Number of protein chains: 2
Amino acid sequence: MSGVRAQQKQKTRQALIEAAFNQLSAEHSFSNLSLREVAREAGIAPTSFYRHFKDMNELGLTMVDEAGLTLRQLMRQARRRIASGGSVIITSVETFMEFIDTSSNQFRLLLRERSGTSKAFRAAVAREIKHFILELAHYLETETPCDKHHAYMQSEAMVTLVFNAGAEALDQDAQQRAELTERLIWQLRYIARGANHYGAQ
Amino acid sequence: MSGVRAQQKQKTRQALIEAAFNQLSAEHSFSNLSLREVAREAGIAPTSFYRHFKDMNELGLTMVDEAGLTLRQLMRQARRRIASGGSVIITSVETFMEFIDTSSNQFRLLLRERSGTSKAFRAAVAREIKHFILELAHYLETETPCDKHHAYMQSEAMVTLVFNAGAEALDQDAQQRAELTERLIWQLRYIARGANHYGAQ
DNA sequence: TATTTTAGCGTACAACTGTACGCTGAAATT
DNA sequence: AATTTCAGCGTACAGTTGTACGCTAAAATA
């Protein structure tokens with residue numbers, strides 16, 4: 001097992017995924033990508049693409065999974081920072097902004113396919129975001145005086161705002177981002193305050 | 001002035017715009033549209049398209065303007081309902097959900113191009129949304145005990161949540177929408193509460 | 001060692017795209 | 001009435017797309 005052959009296959013499969021991510025940008029979305037372009041950048045013949053994916057859709061879903069994984073790893077790291085004494089809101093926001101900065105194409109994929117033309121894509125992204133919401137909701141439920149239902153709604157609102165701020169940040173310079181982040185933090189405070197008021201148990 | 005000729009030109013121009021809107025759907029975004037398909041549906045030859053728009057981009061920007069106009073008109077109507085004694089939050093949310101229901105393709109355009117591949121599109125959509133935020137912020141500033149800066153942040157957060165809920169509603173049935181709307185209303189209450197606390201003057 | 005499996009290639013093709021170019025007939029202008 | 005303007009058309013072309021098909025060489029298996 002894991003012979004030379006399977007190893008090489010895995011390698012070009014990954015090359016395809018990376019080629020696709022590389023071609024994403026502010027001006028290029030996944031649905032604009034062509035199978036041929038991706039294959040070209042990955043250094044294989046167009047027809048060899050099919051040895052790895054049934055079609056571009058399958059590649060895309062794999063990419064969504066990968067982006068979700070990256071995000072989850074980053075947030076796990078954030079939780080560690082929080083556990084060792086950081087502010088929840090500020091640490092989470094900082095971590096998310098880091099994700100947007102260092103993995104902007106992965107974020108762009110999630111952002112765009114969330115409202116894209118493939119139901120499967122939309123569902124996949126929604127699933128990733130839901131993970132997120134549930135994790136945060138769990139935290140809020142155990143660490144703040146907020147009942148389960150309100151914790152969920154609070155979490156949902158917060159994740160929505162953070163995600164959206166991330167989208168805006170993509171087009172902004174450092175100065176604008178700083179202002180955006182500051183507003184975002186206030187807005188998260190509003191929600192925390194309101195939820196703790198209505199949802200106190 | 002307004003001769004037979006100019007009138008006919010205006011008519012086919014509108015036919016192009018409507019053809020393009022008709023071709024938008026859950027599975028078809030603006031960037032998937034082809035000039036030829038749009039021209040075909042509008043009943044003109046592909047090359048005649050250029051008599052009306054420089055390219056598809058110009059058509060798209062016109063469509064964004066039109067969608068923004070529709071939305072603004074709807075919200076003006078909502079303000080009238082509020083003035084005659086309705087709840088601000090509930091009336092606004094209901095009006096927005098109505099927009100999504102009756103003009104789903106116009107909403108889809110705004111939703112997708114907000115994070116699309118054309119900077120001009122993104123800016124155009126951002127402008128429409130900013131209108132919205134400023135209007136609501138003005139209302140909050142005059143009608144609630146909240147200073148200017150906090151009124152703006154509150155408004156921004158609220159519009160973001162409403163817009164995002166609209167996006168989710170697109171894929172949902174009546175039952176799910178009702179639940180979503182209920183959550184949304186709670187979330188808006190959180191924000192109102194929190195903003196009034198931190199921003200009270 | 002002999003056989004089977006398979007990642008990757010090259011060729012080929014039909015479908016579609018945007019758009020350049022020149023024509024036409026009717027409306028508008030003179 | 002003579003002239004100009006111009007919305008819309010048809011033809012044409014080069015470029016790109018996805019993918020069907022059959023081949024090859026090397027790795028895996030027997």
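Each chain gets a letter, A, B and so on, in the order its sequence line appears, and its residues count up from 1. Computed from a predicted model, the values in this text were never measured in an experiment.
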_Can you tell me which nucleotide in C/dG8, C/dA28, C/dT19 comes closest to the side chain of B/Val4?_
C/dA28
*Regarding B/Gln77 and B/Gln73, is there a side-chain donor-to-acceptor distance under 3.5 Å anywhere?*
no
*asked:* Quick one, A/Phe30 with A/Met56, criterion side-chain contact (heavy atoms from CB on, under 4.5 Å). Give me CA distance, side-chain angles, the key distance, then yes/no.
replied: CA-CA 9 Å; A/Phe30 179 79; A/Met56 284 293 286; 4.1 Å; yes
_Just the rounded figure in Å: distance from P of C/dG18 to CZ of B/Phe53._
15 Å
*Nearest whole angstrom, please: distance from the C1' of C/dA15 to the CZ of B/Arg40.*
11 Å
*Can you name the side chain to side chain contact (heavy atoms under 4.5 Å, CB included) partners of B/Ala15, sequence neighbours left out?*
B/Ala42
*For the residue pair B/His150 and A/Tyr190, categorise the inter-ring angle as parallel (less than 30°), tilted (30 to 60°) or perpendicular (more than 60°).*
tilted
*Touch check for A/Thr47, heavy atoms < 4.0 angstrom, all strands: base, sugar-phosphate only, or nothing?*
base
*Is the shortest side-chain N/O distance from A/Ser48 to OP1 or OP2 of C/dC9 below 4.0 Å?*
yes
_Interatomic distance where CG belongs to B/Leu33 and C1' belongs to C/dC16 [whole Å]_ = 15 Å
*If you look at every strand shown and take non-hydrogen atoms under 4.0 Å, does A/Arg13 touch a base, only sugar-phosphate, or nothing?*
nothing
*How would you list, by chain and number, every residue that makes a side chain to side chain donor-acceptor pair (under 3.5 Å) with B/Asn32, sequence neighbours excluded?*
B/Ser29
*Would you kindly compare B/Glu37 and A/Ile44 by the position of their nearest DNA chain C nucleotide and give the one closer to the 5′ end?*
A/Ile44
*Nearest-angstrom distance from the residue atom CD of B/Gln7 to P of D/dC6*: 18 Å
_Tell me if the side-chain of B/Arg5 makes a donor-acceptor pair with the base of D/dC6, cut-off 3.5 Å, by modelled atom types._
yes
*Check the distance between D/dA12's P and B/Arg36's CZ and give it to me in whole angstrom.*
14 Å
*Might you work through the side-chain contact (heavy atoms from CB on, under 4.5 Å) test for A/His28 and A/Glu37, ending with a clear yes or no?*
CA-CA 12 Å; A/His28 229 93; A/Glu37 267 184 11; 4.0 Å; yes
*Would B/Glu128 and B/Arg72 satisfy salt bridge (Lys or Arg N to Asp or Glu O under 4.0 Å), going step by step from the backbone distance to the final call?*
CA-CA 9 Å; B/Glu128 295 298 334; B/Arg72 258 176 282 148; 2.9 Å; yes
*Could you state the atom-to-atom distance from CZ of B/Arg51 to P of C/dA27 in whole Å?*
17 Å
*Rounded distance (Å) that lies between atom P of C/dT17 and atom CZ of B/Phe49*: 13 Å
*Grab the OH-P distance between B/Tyr50 and C/dC21 for me, whole Å please.*
13 Å
*In residues 55-66 of chain A, which residues come under 4.0 Å of DNA chain D by heavy atom?*
none
